[in-house]
Amino acid sequence: TSGTKHIPYRNHTLTTLMSDSIGGSAKTVMMVCCSPADYNAVESVNALSFALRCKNVKNMTAANPAAAAAQVQSLRQELARLKKAKAGAEDVGPKRG
């Protein structure tokens, strides 16, 4: 299977729902419910191993400062445009008094 990318967690309903939290740059809290009963031992071990696999997922996140700077510049231009539009609307509006 050369050339395929390894996915550190299985395609499961739970991991699909949590994929943004597990695979993103967010901090995630995993709470596992374990039972001391013998008949729940297998389920408890499975839940703990799933939590351990989630804990071991490491992501390489990197900020893109150029994109952030471009977005800040765009927002500043939008703000200046809106301020001009507001000032123009106040000048054109009816005079009260």
Side-chain angles (χ1 to χ4, degrees):
T1 61
S2 64
T4 60
K5 185 177 179 182
H6 172 71
I7 299 174
Y9 43 88
R10 286 188 257 169
N11 290 334
H12 186 271
T13 305
L14 182 60
T15 53
T16 302
L17 290 172
M18 296 178 61
S19 63
D20 290 338
S21 298
I22 295 171
S25 61
K27 298 284 184 181
T28 304
V29 175
M30 176 67 69
M31 298 180 81
V32 177
C33 183
C34 296
S35 172
D38 291 340
Y39 59 87
N40 286 333
V42 173
E43 192 65 32
S44 294
V45 169
N46 287 339
L48 288 170
S49 67
F50 173 77
L52 184 63
R53 285 194 311 268
C54 289
K55 177 184 172 190
N56 290 331
V57 171
K58 302 291 183 208
N59 295 316
M60 301 298 289
T61 58
N64 188 350
Q71 185 175 16
V72 168
Q73 182 62 28
S74 171
L75 290 171
R76 285 185 177 153
Q77 290 172 351
E78 178 76 9
L79 182 60
R81 186 186 65 77
L82 291 172
K83 283 182 178 179
K84 275 186 184 179
K86 181 181 176 189
E90 289 174 354
D91 292 341
V92 173
K95 304 268 184 202
R96 293 185 188 209

Checklist entry - Does V32 share a hydrophobic cluster with F50, counting links as ILVMFWY side-chain heavy atoms below 4.5 Å and allowing steps through other members? => result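 Same cluster: V32 reaches F50 through Ile, Leu, Val, Met, Phe, Trp or Tyr contacts under 4.5 Å.
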
Item to check | salt bridge (charged side-chain N to carboxylate O under 4.0 Å, His left out) involving R76 - partner list, sequence neighbours excluded | outcome: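 Salt bridge (charged side-chain N to carboxylate O under 4.0 Å, His left out) check on R76 returns nothing, list empty.
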
Next on the checklist: Could you measure the distance from the SG atom of C34 to the CG atom of N46? Nearest 0.5 Å is fine.
Outcome noted: 10.5 Å

Checklist entry - In Å, rounded to the nearest 0.5 Å, how long is the span from CG of L48 to CD of E43? => result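 Output value for this atom pair is 10.5 Å.
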
Next on the checklist: Holding to side chain to side chain donor-acceptor pair (under 3.5 Å), I want the full list of residues that pass it with E78, two or more places apart in sequence or in another chain.
Outcome noted: R81

Next on the checklist: Could you report the tightest heavy-atom contact between S35 and S44, atom names first, then the distance?
Outcome noted: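 Nearest pair, atom of S35 first, then S44: N-OG, 3.0 Å.
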
